[in-house]
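Here the structure is laid out as structure tokens; the discussion comes afterwards.
So that the names make sense, note that chain A is the first sequence line, chain B the second, and so on, each numbered from 1.
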Protein chains: 2
Amino acid sequence: MEIPLPPTRILCCDWGTTNVRAFLVALDGEVIGRRRFPFGVSKLAPGEAAARFQDPIRFEMDAQQHPAILCGMIGSNLGWTVVPYRTCPIDLKSLAAALFEVVPGPCGVWIVPGIQGPGIAGAPDVMRGEETQILGWVTEQSGRERGRHLVCHPGTHAKWALVEDGSIVRFVTAMTGELFEMLRNHSILRTVDASDDPESFDEGVDAAGDGGALSARLFTARARMVTGDRPKSDAAYLSGLLIGAEISSVPQLLETSPDQPVTIIGDAELGGWYSRALSRLGRSNAIHDGESAAVAGLMRMAEIGGVT
Amino acid sequence: MEIPLPPTRILCCDWGTTNVRAFLVALDGEVIGRRRFPFGVSKLAPGEAAARFQDPIRFEMDAQQHPAILCGMIGSNLGWTVVPYRTCPIDLKSLAAALFEVVPGPCGVWIVPGIQGPGIAGAPDVMRGEETQILGWVTEQSGRERGRHLVCHPGTHAKWALVEDGSIVRFVTAMTGELFEMLRNHSILRTVDASDDPESFDEGVDAAGDGGALSARLFTARARMVTGDRPKSDAAYLSGLLIGAEISSVPQLLETSPDQPVTIIGDAELGGWYSRALSRLGRSNAIHDGESAAVAGLMRMAEIGGVT
């Protein structure tokens, strides 16, 4: 009889709507391999997740003999199986205790539940995947498990979360990225020039004012084109306007003070624009890598949750 | 030699982006014929406006022997000819003095210029057509030419205008209607149910709060679907949210007091939703028919401007 040896590596996946970010990680946290696969849950046929996970993900990551832990939309009705949301406030330990074992055994597969919070306007809010990055960020450095942190995770659906003593207590979703894409492709503003000009971006941030009257402020991108009084109307202006409006009004929904520093977790490019806007508005902020935070969160949950 | 008789009727057209609203009007203001044609300027080929005006508009309105006055996007680069904007503040008399004669003679055609105002965020704002309805509303009843009025013209691009002693002094455009169409067709919210349920609409108005953080408040329409805690998420909720946010924040850009009554000019259906939202938010308001206001404005300008 063979006694299974304890695993030496863990396959960690952040399986979102668009992509899968896969990491083969040694027990000491070293990332041995990383790869991105283009089949997020929006591109999966019903029932297809398990097979795609086996081949190509597990195969190409050389991880057939290792357990795996997944977070993100893979735990939704579009993914592998529906893993019920856990309720805020929640810390990493409680989330790890709720890991869902979707494939049993020594090379098993676990899914991290998404979380649900009180939201705003009487409607609860939800996330799947960002909670792992946020709680992973907490574990990445000693000291973060204490105190109050305001975290921003930019994206198609940006998440703003309040973290207190290591627990996500409340969060709110802003569909800023989706609004930007929609306006760029389907509105009267689709004719603005493509651009990533920082000056135009800054003008957009300034035009966002207090974040109110967005439907009117957006029209300034059109007026800048029609009258020709300004040098140009471009995508960077529109981006600055939307991000500026978000930064100026969404954190207030979490009842945070305007002095509260902002922790940005995500990719360097989009995070960089958020950081630029926050700095322009006089808010202290810092960017942290989302992939590194996801790996830290998944590895710590694997350890606590008995995956290893 | 034949001496041309003074005209007995005027053909008035509000020629917008989507439709042409045509009215054959007697000199005493009685509307003898009215018809809507489906070729707004967005559906005209370059150079086509003059021919389409002759046939079918003039022909079907039985107005070959009468002068005509047109307002709206027909004076833009998509229309018949570009009529330069006039600058705010402007009253009906000044606008009438700037009528553009695009076809000369006793059966001539005149176009009302659009107007340009200071707008917001350093970008000027523009309108073509609504100015005629707004200034027409002023002429429809004695007394309106004095005092301060806050006018709202709902639509794809809603206009909020401040009228002082008969002049439009300032206005701002809110792309609320376009946002609604875009969200209904191209966003994650496209799966909300179609509905015109007044209760859902009211819930949306309430969820709009102070009109800030719109990108976050919009996501509540999604959260209501995902978690199933609320009875439904539907188009009426989304509409209430967008209109509520507009009403709660756009008038402030015109530095009006929250007590200022709102004059709604437009069609009864959309105007009715605006009225419902305004009343729910405790704002005094009244709806006035946009077509009647357009006819009044065009006829008065024709008289002052020498068309008749």
Exercise. Is atom CZ of B/R86 surrounded by more than 12 heavy atoms (other residues, nucleotides or ligands) closer than 6.0 Å?
Worked result: no

Problem set entry | Heavy-atom neighbours of A/E199 CD exceed 12 at 6.0 Å | no

Exercise. Do you know which of B/E181, B/Q252, B/H157 has the most heavy-atom pairs with chain A at a distance under 4.5 angstrom?
Worked result: B/H157

Exercise. Hey, which of B/A245, B/A174, B/A207 has the most heavy atom pairs under 4.5 Å with chain A?
Worked result: B/A174

Side chain from CB out, backbone as N, CA, C, O: work out which of these in [X] comes under 4.5 Å of a heavy atom of chain A, or both, or neither.
X	answer
B/L183	both
B/V172	side chain
B/L253	side chain
B/L179	side chain

Problem set entry | Residue among A/I120, A/T173, A/L241 with most heavy-atom pairs under 4.5 Å to chain B | A/T173

For this session: Taking ring pair (Phe, Tyr, Trp, His ring centres under 6.0 Å) as the test, write out the residues that go with A/W160, two or more places apart.
Result: none

Exercise. When the ring planes of A/W80 and A/W15 are compared, do they come out parallel, tilted or perpendicular, using 30° and 60° as the limits?
Worked result: perpendicular

Problem set entry | Residue list, side-chain hydrogen bond (donor to acceptor under 3.5 Å, both in side chains) with B/S239, at least two apart or on another chain | none

Problem set entry | B/Y237: which of B/D206, B/T220, B/D202 passes side chain to side chain donor-acceptor pair (under 3.5 Å) | B/T220

